[in-house]
Each structure stands twice: as C-alpha cells, then as structure tokens.
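Structure, as structure tokens:
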Amino acid sequence: MDYEHIKKAEKKTFLVIVLTLLTMIAEIAVGYFTHSMALFADGCHMGTHALALSLTFFTYILITRFATSDKFAFGTGKFSTLSGFASSILLGLTGIFIIFESVERLFNPERIGFNEAILVAVIGLIVNAASILIMGDNHNHNHAAHNHQHNHTNEHKEDFNFKAAYMHILADALTSIFAIAALLAAKYFNWIFLDPVVGFIGGTVICIWAYNLIKSTTAILVDCEDRVTKEHIAEHLMGLCRIEELRVWAASEDKVNVIAKVEINNPEYSIEEIKHKISETADTASITIEVTSKVFPEVH
C-alpha cells in the first residue's frame with residue numbers, strides 16, 4: 001500500500017472538505033429561502049460530497065493507524081471499500097429525496113429569488129473548480145502510477161475512494177452548470193419548469209453514481225472472483241505447472257488474494273518460482289500454493 005499517496009490524498013481531501021462544507025451551507029440555505037430546487041439540489045449534492053470525502057478522510061487515518069496491526073488478516077485495504085459502500089447508501093437516499101422534491105415542485109411551483117440563487121450557484125461552481133484543481137494532480141499522478149505498475153495486464157486499479165470522490169466533484173460541477181443555466185432560463189424566459197427538471201436530473205445523477213459505487217464496493221466486500229486477473233495468472237503459469245484449482249479475489253482495491261492447487265510438471269520448478277510468477281502478474285496481498293503432486297526425475 002502506497003502510504004505516501006495516502007498522506008497526500010488525506011491532506012487534499014481535508015482541504016476540499018472545508019471548501020465543500022462552506023459552499024454546501026450557503027447553497028442549501030439560499031436555495032431554501034429563495035425556493036430554488038435546482039440550487040437546493042446542488043447544495044444537497046455537495047453535502048453528499050462532504051460526507052463521502054469525510055468518510056474517505058477518516059478512512060485514510062484508520063488505514064495509517066492500523067497499518068502494522070495484526071488484527072486484520074489481509075491488512076487494512078478494505079477499510080476504504082467499506083467507507084465507500086457506506087457513503088454510497090447515503091448518496092442513494094439523498095438522490096431519491098431530491099427526485100421526489102423535484103417532482104413535487106414541478107407540479108407545485110414556488111416563487112424563486114433568481115439573483116440570490118444565481119449568485120450562490122456561481123460561487124458553488126467556482127468552489128467545485130477549485131476542488132477539481134486541488135484533487136486533480138493527485139488523481140492524475142495516481143492514475144499514471146498504476147498504469148505503469150499494471151502495464152502487463154489489461155486493466156489497472158486505483159485508490160477507489162479517492163477516484164470516486166474526484167469523479168463525484170466533477171459530477172457536481174456539471175450539476176452546478178445545469179443549475180445556473182436553469183435559473184437563467186427561468187429568469188429571462190420564464191421557463192420555471194426547468195428548475196425542478198434540473199433538480200430531478202441532479203438527483204438522478206446521484207442515484208446512478210450511488211448504484212455504480214454500491215456495485216463496485218460490494219464486489220470487493222463479498223469477495224467476488226476477479227476473473228480477469230485469474231485468467232492472466234493462469235496464462236502466466238502455463239508450462240510451469242498444471243492448475244487443478246485457482247481462486248483469485250480482491251483483498252483491497254489494488255491487491256488480490258490467490259489460492260492455487262497445482263501439479264508441478266517439471267522437477268526443476270519450485271513453489272517459490274510459481275509465487276514469483278504470480279507476483280509478476282498481479283499485485284498480491286497473499287499467495288497460498290498447495291502442491292498436489294510433483295514430477296521427480298527417474299532414478300536409474
């Protein structure tokens with residue numbers, strides 16, 4: 001686990017949390033008093049960011065705190081996965097709430113204070129842009145690093161929590177742009193219906209993001225088989241041994257556990273060579289090899 005990356009991510013996440021919380025409070029308050037559903041939805045959306053980022057931040061602290069603990073059989077890699085799963089549940093509930101509120105506002109429109117709402121929405125967009133700049137360098141560096149480490153496979157794995165938080169902020173920036181466009185259209189063209197429509201879209205985006213996060217984190221938490229990595233390992237072990245059983249599943253977002261039952265068909269090969277070959281193919285947290293039989297040279 002890259003603890004230098006974790007420390008950098010922790011500091012950047014904390015700074016973005018502060019910016020997000022301040023903007024969230026302003027947008028929700030002004031959206032409520034000016035009756036702007038688009039702005040209120042954007043504020044709630046930023047609130048979900050603050051929650052997700054907070055879970056990510058405290059998870060980094062826990063990962064560092066228990067890095068050397070022997071309480072966890074495969075390390076602390078699933079801490080961030082668990083926090084991502086928890087935040088995705090809350091995000092989904094928030095998205096559903098915004099969708100229901102938007103539908104109600106569509107059929108029962110209220111008067112909107114456009115000038116105040118547009119001002120705060122623009123401020124929110126500026127904060128989102130600043131957050132993207134703060135987190136973007138770390139995200140791109142991590143993305144490139146994992147591409148380099150996994151150039152022997154068809155996929156790369158990243159810091160799931162940090163990437164999710166980064167993409168969530170990008171989504172919020174897009175939602176802010178939609179909110180501003182809806183408010184301007186309502187103000188100058190009297191298209192009042194656009195405000196709740198944009199709120200509905202914002203809630204839908206949150207629900208989709210939550211669904212994808214639930215799907216991804218659940219696969220890791222319930223130890224779903226990593227079929228892609230399993231195929232790569234099987235290919236690299238061809239000629240070295242005959243595989244009778246091979247199990248590969250995620251130990252964390254960037255490492256896998258491997259259990260293999262093999263028959264070694266060359267007396268010159270050893271278990272250590274098999275483990276080394278697996279380690280070259282995938283980032284592993286643990287490797288367990290059981291040799292069922294081994295070919296020995298004939299004695300004359």
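All values below were derived from every heavy atom in this structure, side-chain atoms included, with hydrogens, water molecules and symmetry-related copies excluded. Sequential numbering from 1 along the given sequence is applied to the chain's residues.
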### Query
Side chains of F85 and I214: does their closest heavy-atom pair fall under 4.5 Å?
yes
### Query
Roughly how far, to the nearest 0.5 Å, is the CZ atom of F200 from the CD atom of E101?
13.5 Å
### Task
To the nearest 0.5 Å, tell me how far S54 OG sits from F14 CZ.
9.5 Å
### Task
With rounding to the nearest 0.5 Å, note down the distance linking CD in E231 to CG in D226.
9.5 Å
### Query
Looking at SG of C224 and CD1 of I220, how far apart are the two atoms once the value is rounded to the nearest 0.5 Å?
9.5 Å
### Minimum side-chain heavy-atom gap I274-I264 below 4.5 Å
yes
### Query
What pairs with F58 under ring-ring contact (aromatic ring centres under 6.0 Å, His included), at least two apart in sequence or on another chain?
none
### Message
Tell me whether K187 at atom NZ has more than 12 heavy atoms from other residues, nucleotides or ligands lying less than 6.0 Å away.
### Response
yes
### Task
Looking only at non-hydrogen atoms, find the nearest pair between H232 and H236 and report the distance.
O-ND1, 2.9 Å
### Message
Show, in sequence, the C-alpha distance, side-chain angles and deciding distance for T288 and V258, and conclude whether the side chain to side chain contact (heavy atoms under 4.5 Å, CB included) test is met.
### Response
CA-CA 6 Å; T288 302; V258 179; over 6 Å; no
### Query
To the nearest 0.5 Å, how far apart are NZ in K277 and CD1 in I233?
12.5 Å
### Message
Could you check whether E225 pairs with R247 (Lys NZ or Arg NE/NH1/NH2 to Asp/Glu carboxylate O, under 4.0 Å)?
### Response
no
### Query
Using links of under 4.5 Å between side-chain heavy atoms of ILVMFWY residues, direct or through other members, which residues join I96 in one cluster?
F100
### Task
Measure across F193 and L106 and return the closest heavy-atom pair with its distance rounded to 0.1 Å.
O-CD1, 3.9 Å
### Query
Side chains of H276 and E272: donor-acceptor distance under 3.5 Å anywhere?
no
### Single-linkage hydrophobic cluster Y211~V222, side-chain heavy atoms < 4.5 angstrom
no
### Query
Taking atom CZ of F189 and atom CG of L184, what is their separation to the nearest 0.5 Å?
9.0 Å
## Note on the structure
Heavy-atom closest pair (K255 atom, T284 atom, distance to 0.1 Å) is CD-O, 4.1 Å
### Summary
When every non-hydrogen atom of F107 is compared with those of V103, the smallest separation belongs to CD1-O, 3.1 Å
### Side chain to side chain, K275 and I289, heavy atoms closer than 4.5 Å
yes
### Task
Determine whether L237 and I243 make a side-chain contact, defined as any pair of heavy atoms from C-beta on separated by less than 4.5 Å.
yes
### Query
Should L213 and I208 be regarded as members of a common hydrophobic cluster, given that ILVMFWY residues are connected when their side-chain heavy atoms come within less than 4.5 Å of each other, either directly or indirectly?
no
### Query
Any idea which heavy atoms bring S88 and A210 closest together, and the distance?
O-CB, 3.3 Å
### Query
Just wondering, do I99 and C207 contact through their side chains at under 4.5 Å, heavy atoms?
yes
### Query
Mind checking whether L246 and M238 sit in one hydrophobic cluster, side chains of I, L, V, M, F, W, Y counted as touching below 4.5 Å?
no
### Query
Tell me, do K78 and L82 make a side-chain contact under 4.5 Å, heavy atoms counted?
no
Side-chain donor-acceptor distances from residues 15-25 under 3.5 Å, at least two apart:
residue, atom, partner, partner atom, Å
T20, OG1, V16, O, 2.7
T23, OG1, L19, O, 2.9

